[in-house]
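Just so you know, these numbers use all the heavy atoms, side chains as well, and skip hydrogens, waters and symmetry mates. Fair warning: this is a prediction, and the values are worked out from it, not measured in the lab. Letters go in sequence order (proteins before strands), and every chain restarts at 1.
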Amino acid sequence: MARKMKIRAWDNGKNTSIKAIIFHPMETGLRKDKKTGKKIPGHFITEVTCEHNGKNILTCLWGPGVSKNPFISFNFNGAKKGDSVKISWVDNQGGKGGSTANIS
Amino acid sequence: MDTTRRIILKASMAASTLAVAAGANLLTPTTVFAAWPAKAFEAKKMDVAMNVITGKARPTTSADITVDAPDIAENGAVVSVKVTTTLPKVESMSVYVPVNAFPLSASYILSSQMEASISGRIKMAKTADIIAIVKSNGKLYTAKKAVKVTLGGCGG
């Protein structure tokens with residue numbers, strides 16, 4: 001599989017910053033194929049979970065209204081350098097993925 | 001593993017949500033995911049989508065929520081939105097675009113470790129308000145931001 005996501009996690013001096021991008025088409029199910037005129041089936045991420053040292057910190061529930069190759073950025077407290085951050089996702093067609101990063 | 005995946009993908013594309021559910025079951029991820037509120041995301045009307053998330057309660061407008069988005073978005077397919085609030089004990093934040101085919105864009109469930117500020121990118125069909133609804137200390141609050149869209153991002 002191609003590289004499906006990127007995470008960056010770093011200590012910003014005050015707490016921890018996370019930036020992540022997931023490579024996904026986020027197809028709404030409303031667009032039509034210009035050649036065939038048929039609707040392109042919806043294909044989008046429904047849930048993303050973010051964990052710090054195995055503990056859930058953020059759950060994202062997404063619909064087709066989130067842009068292609070979704071990007072998310074947030075800060076959280078209570079972590080230190082070297083801790084692991086894991087982000088996993090599932091989509092409406094049963095696809096899934098995820099990645100981990102250590103806080104730098 | 002990968003072959004199974006392909007088959008499941010094909011099945012779910014061809015058939016109904018049942019196939020999707022079955023596929024999801026077979027591929028149960030190591031992480032346990034909360035139930036995705038399909039009704040809220042499939043709702044085509046703003047109030048229907050909102051009711052699923054908020055129940056019958058109506059949020060009150062709050063000056064403590066900031067919806068940060070560009071005044072003019074050239075491309076409705078990618079509009080950066082940042083929702084920040086100074087309200088205490090934030091449990092969830094949801095982002096709506098009432099004019100979209102599916103008004104609910106995203107909903108975030110925050111743990112106590114989180115800072116109440118999340119940025120992401122959403123699609124907008126046309127010029128509209130982006131509405132944020134924040135649940136703080138068991139109560140609902142809302143704020144909005146008007147964004148002018150020059151090129152819609154949901155059509156085909």
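Nearest heavy-atom pair across B/P37 and A/L61 is CD-CD1, 3.7 Å. The minimum heavy-atom distance linking A/M26 with B/K123 is given by the pair O-NZ, 2.6 Å. The two atoms that bring A/V66 and B/R121 nearest to each other are CG1-O, 3.6 Å, heavy atoms only. The heavy-atom pair separating B/M114 from A/I57 by the smallest distance is CG-O, 3.1 Å.
With B/E115 contributing its side chain and A/F76 its backbone, the two residues share no donor-acceptor pair below 3.5 Å. For A/S67 (side chain) and B/A77 (main-chain N/O), a donor-acceptor pair under 3.5 Å exists by modelled atom type.
Looking only at heavy-atom pairs under 4.5 Å with chain A, the residue among B/S111, B/S94, B/S112, B/G120 that has the most is B/S111. When the candidates A/C60, A/S73, A/G63, A/A79 are compared by the number of heavy-atom contacts under 4.5 Å with chain B, A/S73 comes out ahead.
Interface remark: B/S119 contributes backbone and side-chain atoms alike to the contact with chain A (heavy atom separation under 4.5 Å). Contacts between A/N69 and chain B at a heavy-atom distance below 4.5 Å involve the backbone alone (N, CA, C, O). Heavy-atom distances place the backbone of B/V79, and not its side chain, under 4.5 Å from chain A. Contact of A/K68 with chain B is made through the backbone alone, with heavy-atom distances under 4.5 Å. Contacts of A/P70 with chain B are absent, with no heavy-atom separation under 4.5 Å from either backbone or side chain.
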Exercise. Give the C-alpha distance, both sets of side-chain angles, the deciding distance and a yes or no for side chain to side chain contact (heavy atoms under 4.5 Å, CB included) between A/L30 and B/F102.
Key: CA-CA 10 Å; A/L30 301 170; B/F102 305 110; 3.8 Å; yes

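B/M46 is not connected to B/V52 by any chain of hydrophobic side-chain contacts under 4.5 Å among Ile, Leu, Val, Met, Phe, Trp and Tyr, and they are in different clusters. Hydrophobic cluster membership is shared by B/I109 and B/W36, with clusters built from Ile, Leu, Val, Met, Phe, Trp and Tyr side chains linked at under 4.5 angstrom.
Contact of the B/Y108 side chain with the A/I72 side chain is registered, since non-hydrogen atoms from C-beta on lie closer than 4.5 Å.
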